[in-house]
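As structure tokens, the structure follows; a few thoughts come after it.
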Protein chains: 2
Amino acid sequence: MTDIAYRRVAEDLRSAIAAGEYPAGSHLPSENELMARYGVSRGTIRQTYAQLLRQGLIASRQGSRRVVVDTHRVQSFEDVISFSIWVRSMGGIPSGKVIRLEWRDATDEEQEKLNLGSGAAVVHMIRLRLMNDKPAMVERSAYPADIGRIVAGLDLERDSVTERLAAEGHAFARASHTIDALSAGREDARLLDVAVRTPLLRDRRVSLNAAGRPLEYTEDRYRADVVSFTIGNSEQVNHLARRSKPLRDPSSYRIAGT
Amino acid sequence: MTDIAYRRVAEDLRSAIAAGEYPAGSHLPSENELMARYGVSRGTIRQTYAQLLRQGLIASRQGSRRVVVDTHRVQSFEDVISFSIWVRSMGGIPSGKVIRLEWRDATDEEQEKLNLGSGAAVVHMIRLRLMNDKPAMVERSAYPADIGRIVAGLDLERDSVTERLAAEGHAFARASHTIDALSAGREDARLLDVAVRTPLLRDRRVSLNAAGRPLEYTEDRYRADVVSFTIGNSEQVNHLARRSKPLRDPSSYRIAGT
DNA sequence: GAGTGGTCTAGACCACTTG
DNA sequence: AAGTGGTCTAGACCACTCT
């Protein structure tokens, strides 16, 4: 679809990997092979493989062919930023329940993170996110006024904010996350259907557009028995993904009655 | 230091950034400038900037000069893998207290993660890690026999396992992490000096050498009031770092008496 | 020794940002 | 309009892996 050559080749390879044509651990085509197959130069193929490396799909070693990494997983920027896109990428059904939606003055933290002046108004939203109708995460988000106007007009039970904002010309281009752990408070516990003081995994992030303007400040609190993060890193590359836990040992987590 | 041109230029730029020559938000030299200054071709300079982008130090936009990213932070693979190196990079003093060190048969999980046959022996270590004599993390590590022999011979109260293994020819080249949250159990609580059921941030990882052989399987449990992880990501790049929390609001965490 | 990826050069055209 | 980064080509030599 894209008209950029190295990305077209990368898309083909990702599809082939996803289709099982190159299983985990198997060798990928050499640079020479792909140059001939696509009629492009070596630099272009190297750009292709550099992208797959950044995305954590492959590993490479001088002298040996590139191999497919074993943790095969749909992997894109949007998977990490958008709960809806991530859930759908795993074949699940995402939904949301708006707990609160209001205009109010930005807190000090929101002013700082969203780069707003004092007294600026934001749209603040609290939303329970569900995966296949099971509570997975509570999301608390703040949007600057012009973005907030759009968000407030969406069907937040069903729409993906990320996708709808992108359609309006406000695509997220990058984000910086801080990940830590905290205890479920009373509201968290009630919404997520867990006991008070259950440990939750927290992701706070600022999402920026391509020009570096902050569009959203969000705090996500995940049930640690449902979601974890995976990160692969080396001197050359880091990659990040959300992971759904298989719930193989439900007894180790206390679930509150409702 | 290195004899690879693009890395030499990258080292120079990292030093200049660290020295404050290019403050956060400032513009970096154009590709043309660096080509002239170092007498290399454009491709080499582009490799340099690609590395700095991967490391999360800079951001780039077509048509505009590259800029230094604001979250300046010492950033290297070893910072994320090695507690000792990370603490020292922030000017702190790392130490460790060995709680248990033993040879035993690998558990099923260790066999899988370390790629060992059934019945294989591992060295298993539990160690409390301190930053400036304050408990920060409990580490539980398993090593295959040949690596374990080396580890068992170290001064584990003071040495960096990562650095000593590298000196013996067993350098870690990459790792894959799973991050989630859990409740402090009795042993965790006692060692970390927190109340039982305090939420902890957990990082489980397998560290591999360049050939892809697993050298270590580790589970780290961090005090969430002391350490968090930061991640920056975009379509092009992800980067990961540990962050020390400033402890600005100690009242929000219950600390157990000892 | 043949094949492969890592590094490097010297050009080119285009899209985008900025004065 | 000039400058800058994004993409692409067509070569080259080297270090490493494999058999």
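What you see is a predicted model, and the numbers here were worked out from it, not measured in a lab. Convention: sequence-line order gives letters A, B, ...; per-chain numbering from 1.
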* Check the pair A:R158 / A:S84 against side chain to side chain donor-acceptor pair (under 3.5 Å), numbers first and verdict last. => CA-CA 9 Å; A:R158 234 164 302 279; A:S84 300; over 6 Å; no
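Proximity of a side-chain donor or acceptor of A:R14 to a complementary backbone N or O of A:L57 within less than 3.5 Å is not detected.
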* List the protein contact pattern of nucleotides 7-19 of chain D with one symbol per nucleotide (5' to 3'): B for base contact, S for sugar-phosphate-only contact, - for none; contact means a heavy-atom distance under 4.0 Å. => BSB--B--BBS--
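Distance, B:R66 CZ to C:dC16 P: 16 Å, rounded to whole Å. Spacing between atom CG of B:N32 and atom P of D:dG6 amounts to 13 Å, rounded to whole angstrom units. The CZ atom of A:R65 sits 17 Å away from the P atom of C:dA2 (whole-angstrom rounding). At whole-Å resolution of the value, NE2 in A:H27 and P in C:dG3 are 16 Å apart. Atoms CG (B:L34) and P (D:dT4) sit 11 Å apart, rounded to a whole Å.
Atoms CD and CD1, on A:E168 and A:I150 in that order, are 5.0 Å from each other to the nearest 0.5 Å. To the nearest 0.5 Å, atoms CG (A:L52) and CD1 (A:I17) are separated by 6.0 Å.
For B:R213 and B:D146, the salt-bridge test passes: some basic side-chain N is under 4.0 Å from an acidic carboxylate O. Of the charged side-chain nitrogens involved, at least one lies within less than 4.0 Å of a carboxylate oxygen, so that A:R104 and A:E110 count as a salt-bridged pair.
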